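Presented below is the structure to which this report refers.
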Amino acid sequence: MSTNNLYAWTEYYDLTQRGISGDLPFYMEYARKADGEVLDLACGTGRISIPLAEAGIPVTGIDLSEEMLTSAREKAEQAGVAGRIQFLQGDMRGFELKRTFPLIMIPFRSFLHLLHLREQMKALSCIRKHLAPGGKLVLNVFVPKISHLYEEDEKMSLRGMYPLDNGEQVAMWDYTRYDHFQQLAEVTRTYERIASDGRLLEKVVGRFTLRYIFPTELHHLLRLHGLKVVERFGSFDKTPFDQHSSELIIVAQAA
């Protein structure tokens, strides 16, 4: 068994983290409408960035993890789009690209990796500075439901079984501990690679922390940074956001 930074295990990440239903077509639609270069923050291994580049859209992707970026660059080369995409190591709380973008996006709830209010404010200030006049920020976060958070607290949950082409499987487990005062979810994630005969071949343990955010709180933060919410949805199919929504998708415009 090995314990490491979760995001260093890019093969397991790509296998298990395939986004949320409909998110790629949604981000693709807004990227096409932007009619210019798109900035993908916390781009990971290029799950969104590379298909945008394949569609002819110029993209800059920023991520903290050099392992993720190495994988992204390799995948961009294999897809033949390395000339339309630039992957940079950086932090959404403090990057300086000396240009502006008609669209900045933070897919797959990555805004939640900012663990303190001051970090969220730094990121939004930086984003606002890099938005072209009338430019848009598109992001999604999960909607915290208090009853659900208490049900999951300090429990080990099987998140999924993922088959490999060679007959092996990968099991992904999460153990989550919540700090409701700080709005933090500390997740210990375990990947188990299992042979076709049931033998455990590899066990990898990684940890990450998220700060969940409530919809009203997010709206307020955006307004404070000169970003006006112009659309919001409860799913990537553009269903209205309401009390039953488990996802919040925000489109905010530079005011």
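Everything quoted here is computed from the prediction, not taken from an experiment.
Counting all heavy atoms, side chain and backbone alike, Ile194 lies closest to Leu201 at C-CD1, 4.3 Å. Closest approach of Val59 to Ala53, counting heavy atoms only: CG2-N, 4.1 Å. Scanning all heavy atoms of the two residues, the minimum distance from Gly22 to Pro25 falls at O-CD, 3.3 Å. Ser110 and Ala42 get closest at one heavy-atom pair: CB-CB, 3.4 Å. Heavy atoms only, all atoms of each residue included: Ser49 and Cys43 are closest at OG-CB, 3.8 Å. Gly46 and Ala72 make their closest contact through N-CB, 4.0 Å (heavy atoms, listed as atom of the first residue, atom of the second, distance).
The distance from the CH2 atom of Trp9 to the OG1 atom of Thr16 is 13.5 Å, given to the nearest 0.5 Å. Summarising the geometry, atom CG belonging to Leu221 is positioned 11.5 Å from atom OG1 belonging to Thr216; distances are rounded to the nearest 0.5 Å. Atom CD of residue Gln17 and atom CZ of residue Arg189 lie 4.5 Å apart, to the nearest 0.5 angstrom. One finds the CG atom of Leu114 at 10.0 Å from the CZ atom of Arg211 (value rounded to the nearest 0.5 Å). Atoms CZ and CG, from Arg232 and Leu218 in turn, are 10.0 Å apart once rounded to the nearest 0.5 Å. If you take CD1 on Ile62 and CG on Leu41, they are separated by 5.5 Å, rounding to the nearest 0.5 Å.
Salt bridge Arg159/Glu152: present, at least one basic N to carboxylate O contact under 4.0 Å. Salt bridge Glu77/Arg73: absent, no basic N to carboxylate O contact under 4.0 Å.
Using cut-offs of 30° and 60° for the angle between ring planes, the Tyr27 and Phe236 rings count as tilted. Aromatic ring pairs are classed by plane angle as parallel below 30°, tilted from 30° to 60° and perpendicular above 60°; the pair Phe95 and His130 is tilted.
For the pair Asp179 (side chain) and Leu184 (backbone), a donor-acceptor distance under 3.5 Å is absent. Between the side chain of Asp174 and the main chain of Thr176, no donor-acceptor pair closer than 3.5 Å is present. Using modelled atom types, no side-chain atom of His148 and backbone atom of Pro144 make a donor-acceptor pair closer than 3.5 Å.
Scored by the side chain to side chain donor-acceptor pair (under 3.5 Å) test, Asp242 finds Ser245 as partners (sequence neighbours excluded). Take Asp197 and apply the side chain to side chain donor-acceptor pair (under 3.5 Å) test, not counting sequence neighbours, and it matches Arg199. Remark: Gln243 engages no residue in a side chain to side chain donor-acceptor pair (under 3.5 Å) (not counting sequence neighbours). Among residues two or more places apart in sequence or in another chain, the side-chain contact (heavy atoms from CB on, under 4.5 Å) test is passed with Leu164 by Leu15, Asn166, Glu168, Val170, Arg193. Partners of Ala55 according to the side-chain contact (heavy atoms from CB on, under 4.5 Å) rule, which considers only residues two or more places apart in sequence or in another chain, are Met28, Arg32, Ile57. Remark: Thr188 pairs with Tyr175, Val205, Arg207 by the side-chain contact (heavy atoms from CB on, under 4.5 Å) rule, at least two apart or across chains. Looking at residues two or more places apart in sequence or on another chain, you find a side-chain contact (heavy atoms from CB on, under 4.5 Å) between Glu54 and Ile50, Pro51, Ala79, Val81.
Each of Leu88 and Leu64 belongs to its own hydrophobic cluster when Ile, Leu, Val, Met, Phe, Trp and Tyr are linked at side-chain heavy-atom distances under 4.5 angstrom. Linking Ile, Leu, Val, Met, Phe, Trp and Tyr residues whenever their side-chain heavy atoms come within less than 4.5 Å leaves Leu224 and Met92 in two separate clusters. Criterion: ILVMFWY side-chain heavy atoms under 4.5 Å apart, direct or through other members. Under it, Ile20 and Tyr13 are part of a common hydrophobic cluster. When hydrophobic clusters are built by joining Ile, Leu, Val, Met, Phe, Trp and Tyr residues whose side-chain heavy atoms come closer than 4.5 Å, directly or via intermediates, Leu137 is grouped together with Leu97. Leu158 and Val204 fall into different hydrophobic clusters, where Ile, Leu, Val, Met, Phe, Trp and Tyr side chains are chained together by heavy-atom contacts under 4.5 Å.
Among pairs with a residue in residues 184-217, those fulfilling ring pair (Phe, Tyr, Trp, His ring centres under 6.0 Å) read Tyr12-Tyr191, Tyr212-Phe214, at least two apart in sequence or across chains. Counting only residues at least two apart or in different chains, salt bridge (Lys or Arg N to Asp or Glu O under 4.0 Å) contacts with residues 10-19 comprise Asp14-Lys75. Screening residues 97-106 for salt bridge (Lys or Arg N to Asp or Glu O under 4.0 Å) gives Glu37-Arg99 as the qualifying pairs, with residues at least two apart or on separate chains. Within the structure, salt bridge (Lys or Arg N to Asp or Glu O under 4.0 Å) pairs that include any residue of residues 220-230 do not occur (at least two apart or interchain).
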(request) May I have the step-by-step check of side-chain contact (heavy atoms from CB on, under 4.5 Å) for Gln120 and Phe111, ending in yes or no? (result) CA-CA 8 Å; Gln120 294 171 343; Phe111 187 75; 3.7 Å; yes

(request) May I have the step-by-step check of side-chain contact (heavy atoms from CB on, under 4.5 Å) for Tyr7 and Asp63, ending in yes or no? (result) CA-CA 11 Å; Tyr7 300 108; Asp63 202 276; over 6 Å; no

List the atom pairs, with distances to 0.1 Å, where a side-chain N or O of residues 247-255 and a protein N or O form a donor-acceptor pair under 3.5 Å, not counting sequence neighbours.
| from | atom 1 | to | atom 2 | distance (Å) |
| --- | --- | --- | --- | --- |
| Glu247 | OE1 | Arg109 | NE | 3.4 |
| Glu247 | OE1 | Arg109 | NH2 | 2.7 |
| Glu247 | OE2 | Arg109 | NE | 3.1 |
| Glu247 | OE2 | Asn140 | ND2 | 2.9 |
| Gln253 | NE2 | Gly134 | O | 2.9 |

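In this structure, Lys129 and Glu96 have side chains that are in contact, with non-hydrogen atoms separated by less than 4.5 Å.
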